[in-house]
Amino acid sequence: MKVTMTVNGKAMSAETEGRTLLSSFLRDGLGLTGTHVGCDTTQCGACVVHVDGKPVKSCTVLAQDVAGAEVRTIEGMANKDGSLSVIQQAFQDHHGLQCGFCTPGMVMSSAALLAENPTPTEAEVRAYLEGNICRCTGYHNIVKAVMAASGQGEQQLAAE
Amino acid sequence: MHNFELVKPSTVQDAVAALAAEGAQALSGGQTLLPSMKQRLAAPDVLVSLTGIAEMRGICLSDRGLAIGGATTHATIATEARAHYPALADQASHIGDPAVRNRGTIGGSLANNDPSACYPSAALASGATIVTNQREIAADDYFQGMFTTALDEGEIITSVIFPIPEKAAYVKFAQPASRFALVGVFVAKYPQGVRVAVTGASEEGVFRWAEAEAALSSNFSATALEGLSVPAEGMIADLHGSKDYRAALVKVLTGRAVTAA
Ligand SMILES: Cc1cc2nc3c(=O)[nH]c(=O)nc-3n(C[C@H](O)[C@H](O)[C@H](O)COP(=O)(O)OP(=O)(O)OC[C@H]3O[C@@H](n4cnc5c(N)ncnc54)[C@H](O)[C@@H]3O)c2cc1C
Ligand code: FES
Ligand code: FES
């Protein structure tokens with residue numbers, strides 16, 4: 001069955017089976033491979049995208065179940081002129097990534113957090129990112145990046 | 001995952017009809033069912049999505065309590081139940097992580113009845129009513145052991161009605177890897193008495209701790225629990241905690257819940 005969604009502002013379609021996951025629809029159907037699949041068991045959050053404005057684990061949503069939805073992926077995060085968005089730039093500036101595998105999900109979850117709560121505390125950042133697992137950074141620089149992206153300085157962060 | 005056909009009805013009536021097909025199963029948030037299908041623990045031929053049924057979503061206050069649609073997400077309960085039943089909203093706000101809460105639903109959780117799930121404790125401690133497309137089931141009759149409920153094949157939880165307590169709290173000791181409850185205790189105080197429901201601990205699934213209910217009904221304070229103990233017999237034992245550890249946690253967390261209420 002052909003499924004259409006608005007992905008990063010554009011209507012996009014691909015063929016699906018009943019079992020096609022949103023993550024495979026995006027990656028295999030549309031070639032948007034920025035969304036990563038780390039675990040495929042709903043644990044790691046590498047696959048987080050926004051569906052109708054809300055972060056979800058795209059490996060645990062059926063494409064046909066969200067046909068017609070507004071979807072935003074990491075490919076839709078940069079500014080119109082191609083420069084990095086505030087959150088992406090903050091991840092770069094604060095070394096919020098090493099291998100980068102978790103980063104698309106981290107950025108999408110962080111963007112959702114800041115949309116809901118523009119000036120979170122460090123504890124709120126850590127709680128919101130509970131479902132996003134990173135094997136490299138030890139999280140500290142990710143939290144730093146999100147705090148910086150929210151316009152709050154490093155003084156809000158506990159010492160390492 | 002084996003392939004299947006997905007259907008997405010927009011009314012309860014159409015969903016019930018679709019579920020009558022051979023090999024059909026309901027799909028709500030999919031946060032439990034899809035992972036188990038990937039592991040091939042379930043392989044339905046037809047999945048009947050409940051996410052398109054508007055009448056099964058949302059929260060409303062009635063004279064019987066807070067009625068929550070079966071397909072209402074944890075995230076919606078966490079925000080919209082806050083003003084009416086803060087302990088329930090608080091429980092919902094600590095299920096899994098934000099992405100899981102944006103898909104997972106109360107009906108899916110209660111239908112699944114995982115022995116470590118959170119809502120079964122709220123439903124049992126509140127004396128909630130599980131409303132289905134066929135009937136109403138009292139929480140005391142609904143939970144029938146690990147992953148077992150009073151639901152018949154193809155029966156859909158359309159809503160859950162929670163009588164609102166004077167005071168209540170849920171305290172979860174989270175298993176840090178899964179974020180489910182290693183043990184969780186929901187305490188709710190009603191004019192008729194106190195109800196205490198425990199999840200995560202027993203091999204029989206969620207249960208009421210009758211001795212604590214009696215003690216707390218005459219004295220609603222953590223000190224009322226002092227002389228009581230929970231038998232380790234029948235508790236879950238796994239690599240995260242022994243029977244004795246879980247039994248000890250039941251008492252400690254009940255005390256904390258009473259203090260927090
Ligand atoms: C990483 C992670 C962490 C989690 N942490 C927690 C936690 O801390 N506490 C907790 O309680 N849960 C936790 N969960 C489970 C989560 O709450 C699920 O959302 C919930 O258990 C199932 O709800 P669902 O809507 O996703 O149901 P689904 O997965 O869609 O369905 C589950 C079962 O219920 C049936 N079903 C669904 N809806 C209905 C209905 N309305 N009527 C009848 N049958 C129905 C389905 O056929 C299926 O058998 C976690 C899950 C994940 C992935
Ligand atoms: S790939 Fe989806 S949660 Fe890990
Ligand atoms: S940067 Fe490697 S997993 Fe997070």
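Note that the coordinates shown come from a computational prediction; the quantities given were computed from them, not determined experimentally. Order of the sequence lines fixes the chain letters, A, B, ..., with proteins taken first and strands second; residue numbering starts at 1 for each chain. Computation of the quantities below employed the complete heavy-atom set of this structure, encompassing side-chain atoms and omitting hydrogens, waters and symmetry-equivalent molecules.
- Side-chain atoms of A/Lys57 never come within 3.5 Å of backbone atoms of B/Val100 as a donor-acceptor pair (strictly under, hydrogens ignored).
- B/Asn3 contributes a side-chain N or O that, together with a main-chain N or O of A/Arg19, makes up a donor-acceptor pair within less than 3.5 Å.
- Residues A/Val48 and B/Ala99 approach most closely at CG2-CB, 4.4 Å, considering heavy atoms.
- In this structure, A/Cys59 and B/Lys38 have side chains that are in contact, with non-hydrogen atoms separated by less than 4.5 Å.
- For B/Leu33, no part sits under 4.5 Å from any heavy atom of chain A, backbone or side chain.
- When every heavy atom of A/Thr60 is checked against every heavy atom of B/Gly30, the shortest pair comes out as CG2-O, 3.4 Å.
- Between atom CD of residue A/Glu17 and atom CG of residue B/Leu6 there is a gap of 12.5 Å, rounded to the nearest 0.5 Å.
- With a threshold of 4.5 angstrom between heavy atoms, A/Asp40 approaches chain B through its backbone and through its side chain.
- Atom CZ of A/Arg135 sits in a sparse spot, with 12 or fewer heavy atoms from other residues, nucleotides or ligands closer than 6.0 Å.
- A pairwise comparison of heavy atoms in A/Ala127 and B/Pro98 identifies O-CD, 4.5 Å as the closest pair.
- Within the 4.5 angstrom heavy-atom criterion, no atom of A/Val51 approaches chain B.
- Between B/Arg103 and A/Val66, the closest side-chain pair of non-hydrogen atoms falls below 4.5 Å.
- Between A/Glu130 atom CD and B/His94 atom NE2 the span is 8.0 Å, to the nearest 0.5 Å.
- Minimum heavy-atom separation, B/Ser28 to A/Asp65: O-OD2, 4.5 Å.
- Between A/Leu62 and B/Leu47 the shortest side-chain heavy-atom distance falls below 4.5 Å.
- Neither the backbone nor the side chain of B/Ala75 comes within contact range of chain A; no heavy atom of the residue lies under 4.5 Å from a heavy atom of that chain.
- Listed by first then second residue, pairs satisfying side chain to side chain donor-acceptor pair (under 3.5 Å) with a partner in residues 177-186 of chain B read B/Asp97-B/Arg179, B/Gln175-B/Ser178, not counting sequence neighbours.
- Annotation: side chain of B/Met1 is in contact with side chain of A/Leu21 (closest heavy-atom distance under 4.5 Å).
- Within the 4.5 angstrom heavy-atom criterion, no atom of A/Leu113 approaches chain B.
- Heavy-atom pairs under 4.5 Å with chain B were tallied for A/Thr41, A/Val56, A/Thr20; the largest tally goes to A/Val56.
- Proximity to chain B (any heavy atom under 4.5 Å) is shown, for A/Glu116, by neither the backbone nor the side chain.
- The part of B/His2 that comes within reach of chain A is its backbone (N, CA, C, O), which places non-hydrogen atoms under 4.5 angstrom from that chain.
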